[in-house]
Amino acid sequence: MSVLTENSSNSAKAPYQIKLEIFEGPLDLLLYLIKKEEIDIYDIPIAHITEEYLKYVQLMQELDIDFASEFLVMAATLIHIKSKMLLPVSTTELNELENVEDPRNELVNLLLEHKKFKSAAEMLWSRAEVEQGVFTRAPLESDKENPEVAATVFDLVAAFKSLLDKRKEQLQVEIANDKITLTQKINEIKNLFKTENKISVSKLFLKASSKAEMVIIFLAVLELTKESIIGLLQTETFGEIIAIKIHDTFTNKANN
Amino acid sequence: MTRSQIKPIIEALIFVADQPIQLKEICQAISEEEPQEIQEALLELVKDFNGRESGLEIREISGGWRISTRPFYHEHIRRYLKTKPSAKLSLASLETLAVIAYKQPITIPEILEIRGVSSSSAIKTLLERRLIVPKGRKDCVGRPIMYGTSKEFLIQFGLKDLSELPNIEDFEELLTN
Amino acid sequence: MTRSQIKPIIEALIFVADQPIQLKEICQAISEEEPQEIQEALLELVKDFNGRESGLEIREISGGWRISTRPFYHEHIRRYLKTKPSAKLSLASLETLAVIAYKQPITIPEILEIRGVSSSSAIKTLLERRLIVPKGRKDCVGRPIMYGTSKEFLIQFGLKDLSELPNIEDFEELLTN
């Protein structure tokens, strides 16, 4: 997440100095605050840091910056720790002071762990920097004896997924192609009526080679009925539906 | 630069070039030095490099310079290339393997339908590498052979059993966008 | 064979291999000699080869041996190849990679716990760059996929093997000092 933050020290008087900070997550933001306020990580003034933290979260909200829900979870954690620290410690607890767990411990451990991995990332960064300057020989003829792509299970899933996606596209294209043939279908049926006066609708469907084509035939019949070029006739309930030619001049139209 | 500073650069350039590299190209890459000086450094480098008791040599070939193995060692090289591990797959084989892994048991016509292209040579490779095995015949016209993945497949992809095979949902979030 | 006869063969084999070649593979190609003798010859070759004033070096990387250019000469090589350094990983991706490298095998929820933030886009990048690979499933609710680093990781970060990574606790000392 990127956040515009005000420059801390003289924000009251000087006009806000805005600079861009990158916080990868709540732990990053906390580490930033600890560094900025020069706080001892082993003795965090939790009330103060919570206040500072909430200021930033509020700022993000005000600036309408899209930030991860993890930031709010951490805010809740901080408030929880703060409230625990405010609770009076009973005398019996005081007697066994060493056994009383500091409510900040878990957070401190998280922060230290996070910091370690940040340093490890920097180590990787500088290693990569060196290795980027290292080149291996150009491909040789003999490499081709093994024309290969390294493969892991991730490659398997990715290959399978892209095949499925390709298929989905193809199906869509097929349906799209069929849509173009609605006019053709209408003309086809019109042509049939040049020589016939009535045709059983189920016979029209028999010619369909796919579900999609059946839908197109159905649409074509509806279209022709709407334009009163043909009429539909059913002599008994659930009986055969017959299409009958009604528009006498349509053959001439089609010939034009 | 001194000559002993120029020589390693030339050596590195010859090494990374995918064609015999020409003197002209070397001079372009080391533009801060005089071509005359570079040519002399090159000749000295070749003499040094080839003077070692080495399996490699720098040779002038079709107007350029190239590092290659000395013919004397070709027998051992051939022996190595033959046994070269082949844990890797071509893209066609990988795709076919993916279809078989996720849709097993599956027949060749069914694979054809999913991939849209004939996969017989990929299937041959996969069989040779023992990544797939026949799993009986399908009860339909022609009774085609069905294929599935093998134990070797599990080993090569580091899976305990087929249930460990990641499914698309596992990567949904990662594969989209 | 004498050692000075074995060394050039090993050199030629390292050159021909298109990925770091393992001692085991070298021994298979020179089967007439004892592995012990071959190993000693290899180490002597590396010492000789790298002792020269050369633009190249033999390095042990990702469990094998490879000839590559020395980093010092990258500028001239880039000038010749006309390449720019490939896009580097973001620090966020590197942080995720560091967590995976030190805690492998590790699941996405576990990474989230350590990093305090979801890492799916970083994981996607790392998978695409082949720096990490799925390593089976964890035996717990939901059986999430576990991830670990790949051979390519070792190569890109110039590591012999994972044990060459500095100890993570050493970073702690750096912090406290």
>> Which atoms of B:K160 are under 4.5 Å from chain C, going by heavy atoms: the side chain, the backbone, both sets, or neither?
In response: side chain
>> Does any backbone or side-chain atom of B:I26 lie under 4.5 Å from a heavy atom of chain C? Answer side chain, backbone, both or neither.
In response: neither
> Under a 4.5 Å cut-off applied to non-hydrogen side-chain atoms, are C:L42 and C:I58 in contact?
Replying inline: no
> In Å, rounded to the nearest 0.5 Å, how long is the span from CG of C:L89 to CG of C:L131?
Replying inline: 6.0 Å
> Of the listed residues (B:H74, B:E75, B:E32), which shares the most heavy-atom pairs with chain C below a 4.5 Å separation?
Replying inline: B:E32
> Is there a donor-acceptor contact under 3.5 Å from the side chain of C:S150 to the main chain of C:R130?
Replying inline: yes
> With the threshold set at 4.0 Å, does a side-chain nitrogen-carboxylate oxygen contact exist between C:E110 and C:K103?
Replying inline: no
> When you measure from the side chain of C:S90 to the backbone N and O of C:S93, does any donor-acceptor pair fall under 3.5 Å?
Replying inline: yes
> Given that the side chain runs from C-beta out, which part of C:I77 has a heavy atom under 4.5 Å from chain B: side chain, backbone, both or neither?
Replying inline: both
>> Checking the side chain of C:R143 only, and the main-chain atoms of C:R137 only, is there a donor and an acceptor separated by less than 3.5 Å?
In response: no
> Do B:Q5 side-chain atoms and B:T2 backbone N/O form a donor-acceptor pair below 3.5 Å?
Replying inline: yes
> Under a 4.5 Å heavy-atom cutoff, which of C:L45, C:T125, C:I108, C:I67 has the most pairs with chain B?
Replying inline: C:I67
> Non-hydrogen atoms of chain B under 4.5 Å away: do they reach the side chain of C:Y80, the backbone, both or neither?
Replying inline: both
>> Tell me whether C:K124 is salt-bridged to C:E128, with the criterion being a basic N under 4.0 Å from an acidic carboxylate O.
In response: yes
>> For the backbone of C:L154 and the side chain of C:S62, can you confirm whether one donor and one acceptor N or O come within less than 3.5 Å of each other?
In response: no
>> Suppose a student defines contact as a heavy atom less than 4.5 Å from any heavy atom of chain B. Which residues in residues 47-57 of chain C would they list?
In response: C:F49, C:R52, C:E53, C:S54, C:G55, C:L56
>> Taking side chain as everything from C-beta outward and backbone as N, CA, C, O, which of these in C:I21 sits under 4.5 Å from a heavy atom of chain B? Side chain, backbone, both or neither.
In response: side chain
>> Check whether C:E95 reaches the backbone of C:R115 with its side chain - one donor and one acceptor, N or O, closer than 3.5 Å.
In response: no
> Between B:S163 and chain C, which part of the residue has a heavy atom less than 4.5 Å away: side chain, backbone, both or neither?
Replying inline: both
>> Main chain of B:T149, side chain of B:Q104: is a donor-acceptor contact present, judged purely on distance under 3.5 Å?
In response: yes
> Can you tell which of B:D161, B:L159, B:V16 has the highest number of heavy-atom pairs within less than 4.5 Å of chain C?
Replying inline: B:V16
> If you round to the nearest 0.5 Å, how far is CG of C:L13 from CD of C:Q28?
Replying inline: 11.5 Å
> Are any non-hydrogen side-chain atoms of B:L165 and B:Y102 less than 4.5 angstrom apart?
Replying inline: yes
>> Does any backbone or side-chain atom of C:R78 lie under 4.5 Å from a heavy atom of chain B? Answer side chain, backbone, both or neither.
In response: neither
>> Please check if the number of heavy atoms outside B:D139 that lie under 6.0 Å from its CG is greater than 12.
In response: no
> Where on C:I10 is there a heavy atom nearer than 4.5 Å to chain B: the side chain, the backbone, both, or neither?
Replying inline: neither
>> At under 4.5 Å between heavy atoms, what parts of residues 34-41 of chain B are in contact with chain C? List them by residue number.
In response: none
> Quick check: are there more than 12 heavy atoms from other residues, nucleotides or ligands sitting under 6.0 Å from NZ of B:K151?
Replying inline: no
> Relative to chain B, which of C:R79, C:R70, C:Q22 shows the most heavy atom pairs under 4.5 Å?
Replying inline: C:R79
> Between C:I145 and chain B, which part of the residue has a heavy atom less than 4.5 Å away: side chain, backbone, both or neither?
Replying inline: side chain
